[in-house]
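Read through the structure below, which is laid out as structure tokens, and then see the notes.
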Amino acid sequence: MTAHTPLLEKLAAEYGTPLYVYDLERVDAARRDLFGALPDGFEVFYAFKANPHVELVRALRTGEGPACKAEISSAGELAAALEAGYPGTDILYTGPGKTRDELAGAMAGGVRLFSAESLSDLTHIGAAARAHGVRAEALLRINSATAGAGTSIRMTGKPTQFGIDSETVAGIAAQLREVPGVSVAGLHLFSQSNARDEQSLIAELLHSIDVAAAMQEDLGVRLRILDIGGGFAAPYAQAGGRDRYPGLRVALEEKLDAAFPGWRQGEPRLAVESGRYLVGDSGTLLAGVSNVKVSRGRKFVILDAGINTFGGMSGLGRLLPVSVAVDTDGDGRAVEKASLVGPLCTPGDILGREVEVPEAAEGDVLTIPNAGAYGPTASLLMFLGRPAPTEAVVRGDEVVHVSRIEHIRTPV
Ligand SMILES: *Cc1c(COP(=O)(O)O)cnc(C)c1O
């Protein structure tokens with residue numbers, strides 16, 4: 001059995017597989033890199049969706065350097081944020097289907113800043129604030145009709161449950177301004193995930209600033225907070241490193257100086273959002289080989305980790321299929337082509353089709369890199385009733401926390 005570093009090997013031996021190992025030193029490094037690529041004073045909202053593990057989200061708030069704020073979208077993510085010590089004032093609550101109960105829970109948890117996805121959503125936010133005896137603030141999420149020149153985006157300008165169509169804002173501005181219980185504090189634009197390259201990322205963020213400047217006119221509200229979205233890229237279950245953005249800071253500064261001259265004095269406050277960039281490379285997935293078989297000349301390596309453990313949404317065919325890579329260096333094993341499949345009784349349980357894997361035998365442990373984002377909680381954890389993977393959090397060589405999500409049915 002080989003799991004590539006002595007620590008990974010020891011953890012796999014002790015806790016078995018499938019096992020996620022997250023290294024907080026890498027979370028720290030990603031946070032440093034992201035803040036370092038942005039102009040001074042920018043805020044970063046961590047999208048809990050990428051990985052709501054409380055030890056990871058705590059690490060993003062504590063330690064040296066500027067702290068991340070929390071971007072959450074459910075009662076479970078709210079609980080994780082509060083447990084990790086995020087004050088309500090550092091939380092942005094987003095999502096197209098906020099229910100009355102969720103909003104009441106968020107108000108009770110001290111959250112005051114919400115992203116509003118429509119006039120009716122804004123009305124719900126205001127009503128929940130009034131019921132709690134407080135006043136909320138909202139960022140209007142804008143679904144821009146256009147994308148930045150040269151971006152890799154193909155999703156703007158289409159009908160979607162996300163955001164207010166930009167071309168309708170002027171017509172409903174008065175209504176948006178007058179919803180009881182909530183003030184329009186700014187805008188939220190999020191149009192791209194995992195940008196193809198720096199040029200595409202910059203083009204889209206600059207475009208978002210232009211859209212925001214135009215919306216400020218349409219709305220007749222002075223923007224106090226401007227969340228321009230994200231798109232910061234990281235490899236997903238493939239070898240490689242996070243993208244670097246050496247040109248981002250100056251490009252943003254120049255655009256903001258022109259479009260929002262008060263921004264250096266904090267009017268508006270500027271924010272971006274990121275999930276995968278902050279946690280993706282902190283995680284490694286160790287998967288055990290349960291069996292190896294050949295079918296009609298093709299080799300199948302059957303793992304104890306499938307779409308119940310990693311990449312579940314792609315197993316449903318709802319997203320691009322994931323293709324997992326396995327670390328192939330370091331242990332001298334020959335490399336061959338095989339399909340990596342999970343243990344589930346569905347042909348959709350494929351992690352990689354005809355990918356390069358070290359020649360594997362029953363009982364081996366394979367190492368999947370860059371698996372810290374969209375892992376367990378983005379997978380089909382309950383499907384076919386296997387236990388959730390164990391998740392170990394380390395800081396360098398020190399083990400900080402080991403746990404597993406349990407599924408239990410409780411009477412209601
Ligand atoms: C998913 C999501 C993010 C995080 O996306 P990444 O690609 O992981 O950075 C940020 N903001 C919003 C609104 C999202 O829905």
Side-chain angles (χ1 to χ4, degrees), residues 1-4 8 11-13 15-22 49-53 235-239 276 279-280 282-296 298-328 335-392 402-408:
M1 178 167 98
T2 318
H4 287 272
L8 293 180
L11 291 170
Y15 298 107
T17 55
L19 173 70
Y20 279 87
V21 182
Y22 309 112
K49 177 180 72 182
N51 190 332
H53 193 303
Y236 185 51
Q238 294 283 328
R276 68 188 69 228
V279 295
S282 75
T284 305
L285 171 59
L286 304 179
V289 176
S290 304
N291 209 344
V292 179
K293 69 176 277 191
V294 175
S295 168
R296 306 219 157 97
R298 294 265 170 106
K299 190 167 248 189
F300 289 81
V301 175
I302 303 167
L303 303 175
D304 56 14
I307 55 175
N308 56 332
T309 304
F310 187 80
M313 293 187 290
S314 58
L316 283 177
R318 309 297 298 225
L319 294 176
L320 295 177
V322 344
S323 184
V324 150
V326 172
D327 268 348
T328 50
V335 172
E336 59 180 5
K337 283 253 156 116
S339 288
L340 290 173
V341 302
L344 306 186
C345 302
T346 161
D349 194 11
I350 297 185
L351 293 186
R353 242 182 259 274
E354 294 289 299
V355 294
E356 299 217 313
V357 293
E359 210 169 293
E362 225 171 281
D364 283 352
V365 174
L366 301 184
T367 307
I368 296 164
N370 288 313
Y374 304 107
T377 58
S379 299
L380 301 175
L381 277 183
M382 302 275 292
F383 193 35
L384 276 126
R386 281 163 200 275
T390 304
E391 296 174 86
V402 184
S403 63
R404 186 168 56 222
I405 296 170
E406 290 294 343
H407 325 308
I408 26 170

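Counting begins at 1 with the first residue of the sequence.
One distance of note links NE2 of His407 with CZ of Arg386; it measures 11.0 Å at 0.5 Å rounding. Here OG1 of Thr367 is found 10.0 Å from CG of Leu19. Values are rounded to the nearest 0.5 Å.
Asp364 contributes no side-chain N or O that, together with a main-chain N or O of Val289, makes up a donor-acceptor pair within less than 3.5 Å. A donor-acceptor pair under 3.5 Å is formed between the side chain of Gln238 and the backbone N or O of Ser323.
Ile405 has its side chain within reach of Glu391: a pair of non-hydrogen atoms, C-beta onward, lies under 4.5 Å apart. The side-chain heavy atoms of Val355 and Val326, taken from C-beta on, include no pair separated by under 4.5 Å. A heavy-atom distance below 4.5 Å is found between the side chains of His53 and Ser403. Annotation: side chain of Val402 is in contact with side chain of Thr390 (closest heavy-atom distance under 4.5 Å). At a threshold of 4.5 Å between non-hydrogen side-chain atoms, the residues Leu384 and Asn308 do not count as touching. When side chains are defined from C-beta on, Asn291 does not count as touching Phe300, because their heavy atoms never get closer than 4.5 Å.
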Just list the side-chain donor-acceptor pairs under 3.5 Å for residues 336-349, sequence neighbours left out, or say none.
{"from": "Glu336", "atom 1": "OE1", "to": "Lys299", "atom 2": "NZ", "distance (Å)": "3.2"}
{"from": "Glu336", "atom 1": "OE2", "to": "Lys299", "atom 2": "NZ", "distance (Å)": "3.2"}
{"from": "Ser339", "atom 1": "OG", "to": "Glu354", "atom 2": "N", "distance (Å)": "3.1"}
{"from": "Thr346", "atom 1": "OG1", "to": "Gly348", "atom 2": "N", "distance (Å)": "3.0"}
{"from": "Asp349", "atom 1": "OD1", "to": "Ile307", "atom 2": "N", "distance (Å)": "2.7"}
{"from": "Asp349", "atom 1": "OD2", "to": "Leu344", "atom 2": "N", "distance (Å)": "2.8"}

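Residues that satisfy the side-chain hydrogen bond (donor to acceptor under 3.5 Å, both in side chains) test with Thr17, not counting sequence neighbours, are Asp304. Among residues two or more places apart in sequence or in another chain, the ring-ring contact (aromatic ring centres under 6.0 Å, His included) test is passed with Tyr236 by Phe310.
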Exercise for review: Start with the C-alpha gap between Thr284 and Ile368, add the side-chain angles, then the distance that decides, and say whether side chain to side chain contact (heavy atoms under 4.5 Å, CB included) holds.
Suggested key: CA-CA 6 Å; Thr284 305; Ile368 296 164; over 6 Å; no

Review point. After noting the C-alpha distance and the side-chain angles of Leu8 and Val365, does the key distance pass the side chain to side chain contact (heavy atoms under 4.5 Å, CB included) rule?
Key: CA-CA 10 Å; Leu8 293 180; Val365 174; over 6 Å; no

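Across every non-hydrogen atom of Ile350 and Arg353, the tightest pair is CD1-NH1, 3.3 Å. The two residues Asn370 and Ala239 have their closest heavy-atom pair at ND2-C, 3.9 Å. When every heavy atom of Ala325 is checked against every heavy atom of Pro369, the shortest pair comes out as O-CD, 3.2 Å. The two residues Val292 and Ala360 make their nearest non-hydrogen contact at CG2-O, 3.4 Å. Residues Pro358 and Asp327 share a closest heavy-atom pair of CG-O, 3.9 Å. Nearest approach of Pro18 to Ala305, heavy atoms of both residues: CB-CB, 3.9 Å.
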